[in-house]
Amino acid sequence: MSEPNDGNDEELEAIREQKREELLSQTGGDEGTVTDGGATDPIHIDGADHLESVLTEHDVVLADFYADWCGPCKMLAPTIEEIAAEEDATVIKIDIDANQRLAQRYGVRGVPTVYLFRDGEPAQEWVGVKDKNTYVSAIRAA
């Protein structure tokens, strides 16, 4: 049996911490809070009032409109989580089945749909899965 190296242990602990925070955010706990390392998890939006408060509080917001049954949404999820952990923008996730009125308000006709908000207003929109650099470049330019 080989000895695990420290890099793998650190990576495993980072994954565990990310999952812990993700579970807390889904249960209404410590959602979207900055950790000691500066990383955040995506904030799961629960209704129009919650969305408005997040858009008011933060200058740059990346919003992932998704559905649990959507294959491409599942493919995009790890990218969205990486962006939340690595970038200064606030990242939010909006379940279109639980928030149908929000999906209608923003004209979401296909998922995933990702919006970049700047000062509370939509600045860019992408439909379908895009590469990480597409979103990161837009965030950094905002």
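- None of Val127, Leu76, Ile80 except one satisfies the side-chain contact (heavy atoms from CB on, under 4.5 Å) rule with Pro112; the exception is Leu76.
- Note on Phe117: it clusters hydrophobically with Ile45, by side-chain heavy-atom contacts below 4.5 Å among ILVMFWY residues.
- Side-chain contact check for Thr40 versus Val91: every heavy-atom pair is 4.5 Å or farther apart.
- The OG atom of Ser137 lies 14.0 Å from the NZ atom of Lys130; values are rounded to the nearest 0.5 Å.
- Side-chain contact between Asp59 and Asp119: present, with at least one pair of heavy atoms (C-beta onward) separated by less than 4.5 Å.
- Considering CD1 of Ile96 and OG1 of Thr113, their distance stands at 8.0 Å, rounded to 0.5 Å.
- In this pair, Tyr106 and Phe65 present their aromatic rings tilted. The plane angle is within the 30 to 60° band.
- For the pair Arg140 and Glu87, the minimum side-chain heavy-atom distance is below 4.5 Å.
- Shown here are the ring-ring contact (aromatic ring centres under 6.0 Å, His included) partners of Tyr135, two or more places apart in sequence or in another chain: Trp126.
- The shortest distance between side-chain heavy atoms of Asp68 and Asp97 does not fall below 4.5 Å.
- Shown here is Asp88, whose CG atom has no more than 12 heavy atoms of other residues, nucleotides or ligands within 6.0 Å.
- For the atom pair CG (Leu102) and CD (Glu52), the distance works out to 8.0 Å, reported to the nearest 0.5 Å.
- Looking at every heavy atom in both residues, Arg118 comes nearest to Ala142 through NE-C, 3.8 Å.
- Between Val129 and Pro72, the closest heavy-atom pair is CG2-O, 3.4 Å.
- Residue Leu62 forms a side-chain contact (heavy atoms from CB on, under 4.5 Å) with just one option from Thr90, Ile83, Val136, and that option is Ile83.
- A distance of 12.0 Å separates CG in Leu116 from OG1 in Thr134, rounded to the nearest 0.5 Å.
- A distance of 5.0 Å separates NE2 of His58 from CD1 of Ile43, quoted to the nearest 0.5 Å.
- Summarising the local packing, CG of Asp131 is surrounded by more than 12 heavy atoms from other residues, nucleotides or ligands at distances under 6.0 Å.
- In the hydrophobic clustering of this structure, Val54 does not group with Val114; members are Ile, Leu, Val, Met, Phe, Trp, Tyr whose side-chain heavy atoms approach within less than 4.5 Å, directly or through other members.
- For Glu82, the side-chain hydrogen bond (donor to acceptor under 3.5 Å, both in side chains) criterion is met by Lys132, not counting sequence neighbours.
- Atom CG in Asp46 sits 10.0 Å away from atom CG in Asp95 (nearest 0.5 Å).
- Residues Met75 and Trp69 do not share a hydrophobic cluster, clusters being chains of Ile/Leu/Val/Met/Phe/Trp/Tyr side chains in contact below 4.5 Å.
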